Amino acid sequence: MVSIGDVVRAVVSEHREELNRLNAYIQGVQIILALKYLWRVVEEEGEGDKEEEEEVEMEEQHQKKIRKQGGFTGGYDTLPMVLLSLGVLLLLAGMSPVFSEAAANNTFRPGEELRSYRRSPDGDTIDCVLSHLQPAFDHPRLKGMKPLDPPERPKGHRADAATQNSFQLWRVSGESCPGGTVPIRRTKEEDILRASSVKRFGRKLAVRSRHDSETGGHEHAVGYVVGDQYYGAKASLNVWAPNVTNPSEFSLSQVWVISGSFGTDLNTIEAGWQVSPQLYGDSSPRFFTYWTTDAYQATGCYNLLCSGFIQTNNMIAIGAAISPTSTYDGGQFDISLLVWKDPNHGNWWLELGSGELVGYWPSFLFSHLSEHASMVQFGGEIVNTQPQGLHTATQMGSGHYAREGFGRASYFRNLQVVDWDNSLIPVANLRVLADRPSCYDVQGGINSVWGNYFYYGGPGRNDDRCT
């Protein structure tokens with residue numbers, strides 16, 4: 001019998017060009033589903049062969065004759081053999097993009113190409129993908145391009161040294177992806193099956209998400225500024241692991257950069273941390289990004305789950321778990337976020353922590369945000385599905401009210417915006433608002449150390465006040 005290894009080598013040798021083309025077009029979920037079906041067919045055929053010893057002997061004799069004639073065949077009938085070959089093509093095409101680089105050099109080195117990933121202690125697989133092969137470059141306007149060089153930081157910018165470089169679980173051993181690649185959290189079959197539909201996978205529900213409007217079950221406790229032209233925002237926020245009681249709900253803390261009306265033309269850029277069992281399959285707080293240009297209807301997505309955000313960093317995996325987190329009456333762990341518009345090219349860049357550029361949103365993705373933002377918002381958001389007709393018990397932030405203060409409540413501190421001159425300045429006329437203060441509240445303040453700040457959050461229906 002010809003081994004699977006022989007089949008792989010033969011298929012790779014004969015179909016190298018097809019592999020290169022397939023690698024550009026075949027997505028992970030198609031590969032998973034196709035392979036499951038193909039392998040089931042091959043296994044069933046193989047079991048039938050094993051049951052009949054006489055057929056096996058005849059097949060072996062047939063193979064010997066074919067080899068003498070200079071041909072190539074395997075131990076299966078024609079249809080399963082074709083399926084198996086296609087399966088191998090699908091598998092290899094879907095592997096790390098490093099394989100494509102090897103194919104271009106006409107050298108196949110399985111010991112190198114197929115190990116370009118990192119295992120995280122929480123079970124995540126982080127793939128190291130060549131920068132120019134990340135999902136953003138599937139966009140028609142980005143095909144054939146490469147990530148841009150870093151822009152000039154806003155004036156008055158100071159890197160926040162408080163955030164550790166290895167603040168994500170997958171990097172606890174000190175590993176990162178090689179230069180020229182970006183770390184991407186691998187999407188698994190079960191991630192997609194948890195979504196309400198394949199079309200909505202990686203997207204928020206299409207609802208009006210306004211700072212002063214509780215709609216679609218989304219509730220907020222935020223600070224915001226409005227009434228000027230804004231070219232970016234910066235803040236530090238502490239990270240918690242709030243309890244999310246329903247798999248279809250989430251709890252997040254983030255920065256919003258907003259423009260347009262709150263109808264169908266809403267443009268937003270968002271970054272922060274979130275707990276979302278439906279999206280990630282667990283209750284860990286994770287670093288995330290989001291964007292939309294039509295009020296969450298058809299454009300945009302979380303993280304790198306569609307063509308949009310271009311990552312430039314090889315040490316930060318968007319969507320990966322954050323560690324450590326803050327503890328009640330214990331240590332506080334916060335991260336610093338900066339989003340700003342490059343005055344030269346117009347793209348919106350994202351920086352995390354101690355000067356680490358994560359990547360950028362190309363300006364052409366947006367309508368209103370191609371010019372500037374009209375509102376900047378900081379704070380928390382939860383989804384309330386009203387289980388059994390009652391308010392959800394999903395927590396926001398630390399799960400404690402703002403009045404409990406430092407070490408117990410969630411906070412945003414050192415709130416700043418970027419002005420027309422690409423300068424970071426303290427926010428002026430900060431307003432605070434909670435959609436449902438009996439469940440999640442907010443309290444603002446200002447001092448010489450934290451500048452403009454606020455505490456926010458709450459327990460949801462874990463308190464007699466929230467009904």
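Nothing here was measured: the structure is a model prediction, and the numbers come from that model.
With hydrogens and angles left out, the side-chain atoms of T299 and D294 include a donor and acceptor closer than 3.5 Å. If you check the side chains of Q395 and Y440, you find no donor sitting under 3.5 Å from an acceptor. No side-chain donor from either of T187 and D191 sits under 3.5 Å from a side-chain acceptor of the other. Side-chain N/O atoms of E152 and N422 include no donor and acceptor closer than 3.5 Å. A donor-acceptor contact closer than 3.5 angstrom is absent between the side chains of N238 and S410. No hydrogens or angles considered: a donor-acceptor pair under 3.5 Å links the side chains of T268 and E270. In the model, D435 has a side-chain atom that pairs as donor or acceptor with a side-chain atom of H220 under 3.5 Å. Of the N and O atoms on the side chains of E249 and T392, at least one donor lies less than 3.5 Å from an acceptor on the other residue. For the residue pair Y456/S253, the side-chain donor-acceptor check at 3.5 Å is satisfied.
A 4.5 Å side-chain heavy-atom check between I184 and C128 finds every atom pair outside the cut-off. Within the 4.5 Å cutoff, side-chain heavy atoms of D334 are placed close to those of Y411. Residues S251 and W240 are not in side-chain contact: their nearest non-hydrogen atoms beyond the backbone lie 4.5 Å or more apart. Under the 4.5 Å side-chain criterion, counting only non-hydrogen atoms from C-beta, L433 is not in contact with V442. Looking at heavy atoms from C-beta onward, H139 lies out of side-chain contact with F137 at the 4.5 angstrom threshold. In this structure, S120 and T125 have side chains that are not in contact, with every pair of non-hydrogen atoms separated by 4.5 Å or more. Between N347 and K341, the closest side-chain pair of non-hydrogen atoms is not below 4.5 Å. With contacts defined as side-chain heavy-atom distances shorter than 4.5 Å, the pair L338/L350 does not qualify.
No side-chain donor-acceptor contact under 3.5 Å links S336 to the backbone of S236. Under the 3.5 Å distance criterion, the side-chain polar atoms of Q134 are matched with a main-chain donor or acceptor of S131. Between the side chain of R185 and the backbone N or O of A317 there is no donor-acceptor pair closer than 3.5 Å. N303 contributes no side-chain N or O that, together with a main-chain N or O of L305, makes up a donor-acceptor pair within less than 3.5 Å. With hydrogens and angles disregarded, no donor-acceptor distance shorter than 3.5 Å links the side chain of S323 to the backbone of Q168. A donor-acceptor pair under 3.5 Å links the side-chain atoms of W348 to the main chain of L369, judged by distance alone.
Checked against the 6.0 Å centroid criterion, the rings of F309 and Y360 do not qualify as a close aromatic pair. No close placement of the F366 and H372 rings is indicated, their centers lying 6.0 Å or farther apart.
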Under the side chain to side chain contact (heavy atoms under 4.5 Å, CB included) criterion, do E381 and Q274 qualify, and how do the steps go?
CA-CA 9 Å; E381 176 185 357; Q274 70 177 162; over 6 Å; no

L415 vs F454, test: side chain to side chain contact (heavy atoms under 4.5 Å, CB included). Steps then yes/no.
CA-CA 9 Å; L415 307 181; F454 62 86; 3.9 Å; yes

Is there a salt bridge (Lys or Arg N to Asp or Glu O under 4.0 Å) between R153 and D342 once you walk through the steps?
CA-CA 8 Å; R153 304 298 207 282; D342 173 14; over 6 Å; no

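Using a 30° and 60° split on the angle between ring planes, Y290 and Y296 fall in the tilted class, from 30° to 60°. Classification of the F167-F287 ring pair by plane angle, with boundaries at 30° and 60°, yields perpendicular.
With rounding to the nearest 0.5 Å, the separation of CG in N267 from OG1 in T293 is 3.5 Å. Atoms CD1 and CD, from I258 and Q377 in turn, are 4.5 Å apart once rounded to the nearest 0.5 Å. Remark: F250 CZ to R286 CZ distance equals 15.5 Å, nearest 0.5 Å.
A cation-pi arrangement is absent between R203 and Y302 under the rule of less than 6.0 angstrom and at most 45 degrees off the ring axis.
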